[in-house]
Amino acid sequence: MKSFLLPLLIMAILIMSCGQSRDQNRSRTKNNDFKIKVDSLIKLMTLEEKVGQMVQYSGGWDLTGPKSDNNKLKKQQIEDGLVGSMLNVTSVEQVRAAQKLAIENSRLKIPMLFGYDVIHGYKTMFPLPLAEAASWDLDLMERTAKVSAKEAAAAGVNWTFAPMVDISRDARWGRIMESAGEDTYLNTVVGLAKMRGYQGDSLSDVNSIAACAKHFAAYGYVKSGKEYNTVSIGEHELHNVVLPPFKALAEAGIATFMNSFSDMDGIPATASYRLQTELLKDEWGYNGMIVSDWGSVEELSTHGVAEDFADAAKIAVNAGNDMGMESSAYAKHLVQLVEDGKVKESRINDAVSRILTLKYKLGLFEDPYKYCNEEREKNNIYTKEHLELAYEAALKSIVLLKNENKVLPISKDVKSIALIGPLANDKNSPLGNWRARAENNSAVSLYEGLKEKLPKNIDLKYHEGVDYVISGENFATPLKINTTDDSKIKEAVKIAKSQELVILAVGENAFQSGEGRSQTDIGFAGLQTRLIKAVYEANPNTIMVLMNGRPMDISWSAKNIPAIVEAWHLGSQAGYAIADVLLGKYNPSGKLPVSFPQSSGQEPFFYNHKNTGRPDVNPYDVIHSQHNDVPNEAVFPFGHGLSYTTFEYGDIQLSQNSFTKGESITAEIQITNTGDRVGEEVVQLYIRDLVGSITRPVLELKDFEKIKLQPGETKTVSFEINEETIKFYTINKKWEAEPGELKLFIASSSKSLKSKSFYFKT
Ligand code: BGC
């Protein structure tokens with residue numbers, strides 16, 4: 001191209017980018033506009049510049065100061081227009097500085113994307129995703145994602161690596177905290193709500209950021225819950241259990257996908273043509289872009305499927321990966337690979353077109369500094385309003401697991417309370433792992449919450465009971481837990497004895513769950529079990545408050561402690577929310593998105609298992625599917641959660657007991673609040689397909705509704721069942737509804753079930 005023509009062309013393309021309409025009805029026209037712009041821009045790009053778009057580097061180095069030797073090369077690459085995106089660069093100052101390098105120096109002035117792990121908030125921390133899923137409140141989850149996006153966008157970020165929709169059935173896997181738990185349907189609807197929150201009505205909005213469905217696919221199935229391990233999963237389980245949330249997000253227009261570190265049946269996800277190209281891009285028609293996971297391109301050589309980094313780049317790009325995260329393999333080798341004919345330039349053009357389209361959609365060509373606004377950064381982050389939402393989310397995520405003899409809410413007659421436990425005054429753990437830019441130790445601890453919320457005449461005594469974590473409270477270093485020094489237990493016991501009631505705050509430090517935090521034992525770590533037993537012996541009038549990022553083995557406590565509150569890692573306002581639940585100012589309404597097993601050895605443990613040929617029908621023999629040392633059922637099942645009021649379920653009424661293609665059945669049930677307090681209940685619909693061409697789960701969640709009832713009030717809840725509801729990936733390797741008998745259950749958990757039979761006829 002003649003060099004004098006180039007500036008004119010660039011100007012023409014930039015002018016074409018201006019004045020994008022936000023009208024959703026015109027989105028098809030808009031997509032065509034984007035296509036024209038993208039195609040014209042690609043025509044101007046050299047192969048080096050195209051490859052550069054596929055490169056993403058992590059920040060963490062000083063963009064505003066002098067160039068350090070280590071990163072000189074990366075900076076130079078940005079200036080040369082050879083970097084498409086950065087991650088971990090936040091704040092208006094840093095993002096502007098980085099963006100300037102690209103805009104003011106590079107030939108084509110293509111803006112960079114700025115990605116960041118905004119997993120459960122940016123600076124205002126909301127409950128962990130697993131915790132928030134316990135609210136079963138999709139509107140709430142959309143609102144917290146919206147606020148997270150607003151804060152991140154105000155700090156220069158335009159892309160979050162969330163939601164994670166990996167089905168997580170093994171509590172030993174540390175990343176279970178990032179998911180919506182063990183169920184496919186729940187992960188799907190939660191993922192969609194989160195996507196709506198992050199992306200808003202239009203990506204062109206200043207408060208919207210691109211979302212990312214991750215990790216594609218089956219990362220949650222790593223063997224024995226061991227981080228980064230291999231995955232063995234059959235084709236039917238992959239389609240029926242793991243893929244549906246991803247497919248739903250692809251169809252709903254999520255901007256990006258991330259592949260996974262895991263190796264599925266011998267093929268690392270980053271190298272999987274089947275997953276990335278055949279399934280996602282071709283079969284599902286996904287036209288967004290796929291980013292690799294951190295260094296997962298280079299890791300193909302560590303996995304042993306690539307000879308070296310050049311080979312790794314070739315395999316990953318040919319498999320369908322569009323951008324390499326913190327990977328230099330693309331920058332170093334892709335140009336040569338194309339020149340040698342090992343990667344087609346059309347594949348590069350496809351990847352670049354997906355990346356540029358996102359940049360157009362975000363409005364970055366109109367204004368590369370769109371997310372760099374000091375006013376918004378000052379006003380939109382960690383506001384009073386956002387903290388109020390964090391408080392609401394924390395309240396709604398709490399699950400009342402057990403409440404014998406109505407120990408809770410704490411009676412007004414109680415005049416003295418002992419608050420004991422290593423998490424009782426922990427201002428850091430409630431922030432959870434993946435805490436983005438939350439300030440360490442900024443959460444309201446339970447002790448602080450109680451001090452503020454309890455009437456002043458109550459004698460509240462606090463003691464930590466054991467020193468829990470010795471060191472390692474950050475993302476990357478191993479956590480060192482005290483397992484020997486029990487010197488503080490004595491004093492805690494003395495205090496427990498001296499007070500009428502004990503609140504015992506135990507569980508997990510924030511850095512026991514999250515990436516790289518797998519455990520073989522999901523019980524209480526350190527000296528907590530000793531503390532729990534000693535305190536309970538001293539004063540059985542004990543309420544346990546659990547704080548954790550995974551379901552735990554709490555079987556001893558579940559038998560002995562009269563009341564247990566699941567308070568997860570609830571974010572910035574944790575202490576206020578827990579105190580309000582304990583004192584009865586809020587009636588708990590959460591339900592478990594995961595099963596609590598009897599012991600670590602039962603993991604992976606989940607409600608929607610198969611019947612097997614020898615189910616547990618006769619507890620007196622051993623010749624059935626079980627572990628001999630523990631009961632088969634959960635200590636607390638999926639969907640379980642109590643309230644301070646009681647709900648009575650009427651009988652299920654079906655509009656008809658059989659249906660065929662194009663028809664539907666309505667199932668109705670009346671729920672009555674039979675207690676004396678206003679309360680919320682999550683009414684859950686499950687289905688069991690009795691006979692299938694492949695074995696079917698004993699139960700599958702299909703729908704739910706959260707309702708609020710005044711004392712004495714009755715509401716009718718109805719669910720529609722149609723062909724879509726009962727379709728699954730059959731022996732024919734297709735999504736089909738098979739004729740036959742099914743059972744429908746409407747219940748307050750996956751355990752207490754009323755059922756009716758119905759039939760699908762073809
Ligand atoms: C994680 C991703 C994350 C990325 C960027 C990786 O280690 O697996 O989920 O988005 O890092 O921080």
Side-chain angles (χ1 to χ4, degrees), residues 55-61 84-90 112-122 128-130 145 148-149 152 155 157-168 173-180 187 191 194-195 198 209-222 225-231 245-246 249 254-264 268-270 288-300 302-303 316 321-328 432-438 474-478 511 513-518 549:
V55 173
Q56 181 187 53
Y57 285 143
S58 178
W61 26 288
S85 171
M86 294 193 79
L87 75 154
N88 297 334
V89 179
T90 62
M112 290 193 291
L113 292 166
F114 290 88
Y116 193 46
D117 290 290
V118 183
I119 308 294
H120 56 112
Y122 178 77
L128 299 180
L130 182 67
S148 307
V157 173
N158 47 40
W159 177 16
T160 177
F161 306 122
M164 181 183 108
V165 289
D166 294 313
I167 304 302
S168 308
W173 189 48
R175 297 196 81 166
I176 194 171
M177 54 76 79
E178 247 182 282
S179 74
N187 269 282
K194 287 277 167 200
M195 185 206 83
Y198 292 128
I209 60 177
C212 181
K214 73 185 190 187
H215 303 85
F216 196 59
Y219 186 16
Y221 268 64
V222 281
K226 190 173 88 173
E227 186 63 303
Y228 313 129
N229 206 0
T230 52
V231 169
F246 289 104
L249 286 166
I254 196 154
T256 67
F257 261 62
M258 185 187 294
N259 59 31
S260 163
F261 291 128
S262 46
D263 150 2
M264 194 168 84
T270 309
M289 67 115 146
I290 309 177
V291 65
S292 78
D293 204 343
W294 182 289
S296 71
V297 174
E298 279 87 347
E299 284 178 16
L300 294 182
T302 326
H303 276 288
N321 180 245
D322 302 311
M323 182 182 276
M325 176 188 288
E326 187 52 17
S327 134
S328 50
N433 206 337
W434 286 121
R435 56 180 60 180
R437 292 292 184 230
N474 64 50
F475 186 76
T477 36
F511 296 98
S513 58
E515 185 173 353
R517 305 290 171 167
S518 294

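This one's a predicted model, so the numbers in the text were calculated from it and none came from an experiment. Counting starts at 1 for both ligands and their atoms, following the listed order.
Listed by number with element, the atoms of ligand 1 under 4.0 Å from a non-hydrogen atom of M325 are 4 (C), 5 (C). For ligand 1, the atoms closer than 4.0 angstrom to any heavy atom of F161 are 10 (O). Taking every non-hydrogen atom of K214 and a distance limit under 4.0 Å, the qualifying atoms of ligand 1 come out as 2 (C), 3 (C), 9 (O), 10 (O). Taking every heavy atom of L87 and a limit of under 4.0 angstrom, the matching atoms of ligand 1 come to 5 (C).
Neither the backbone nor the side chain of N88 comes within 4.0 Å of ligand 1, counting heavy atoms alone. Residue contacts with ligand 1, taken as heavy atom pairs separated by less than 4.0 Å, do not involve E227 at all. Using a 4.0 Å cut-off between heavy atoms, E515 contacts ligand 1 through its side chain alone, with no backbone atom that close.
Residue contacts with ligand 1 include H215, since one or more of its heavy atoms lies under 4.0 Å from the ligand. Contact between Y116 and ligand 1 is absent, with no heavy atom of the residue lying under 4.0 Å from the ligand. Close to ligand 1: M258, with a non-hydrogen atom less than 4.0 angstrom away. Residue R175 places a heavy atom under 4.0 Å from ligand 1.
Between F257 and F246, the angle of the ring planes lies from 30° to 60°, which puts this pair in the tilted group.
Judged as a side-chain hydrogen bond (donor to acceptor under 3.5 Å, both in side chains), and not counting sequence neighbours, N187 has no contacts.
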| task | Determine, stepwise, if the pair E227 / S518 fulfils side-chain hydrogen bond (donor to acceptor under 3.5 Å, both in side chains). | result | CA-CA 6 Å; E227 186 63 303; S518 294; 5.0 Å; no
| message | Applying side-chain hydrogen bond (donor to acceptor under 3.5 Å, both in side chains) to N88 and S58, what does each step give before you reach the verdict? | response | CA-CA 6 Å; N88 297 334; S58 178; 3.1 Å; yes
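Of the charged side-chain nitrogens involved, none lies within less than 4.0 Å of a carboxylate oxygen, so that D117 and R435 do not count as a salt-bridged pair.
Side chains of T90 and R437 form a contact here, defined as non-hydrogen atoms less than 4.5 Å apart.
The nearest protein atom to atom 2 (C) of ligand 1, hydrogens excluded, is given as D293 OD1, 3.3 Å; this is a heavy-atom distance. Of the protein's non-hydrogen atoms, D117 OD2, 2.4 Å is the one closest to atom 12 (O) of ligand 1.
Heavy atoms only, all atoms of each residue included: Y198 and I119 are closest at OH-O, 3.7 Å.
Checked against the 6.0 Å centroid criterion, the rings of W173 and Y221 do not qualify as a close aromatic pair. The ring of F475 has its center closer than 6.0 angstrom to the ring center of W434.
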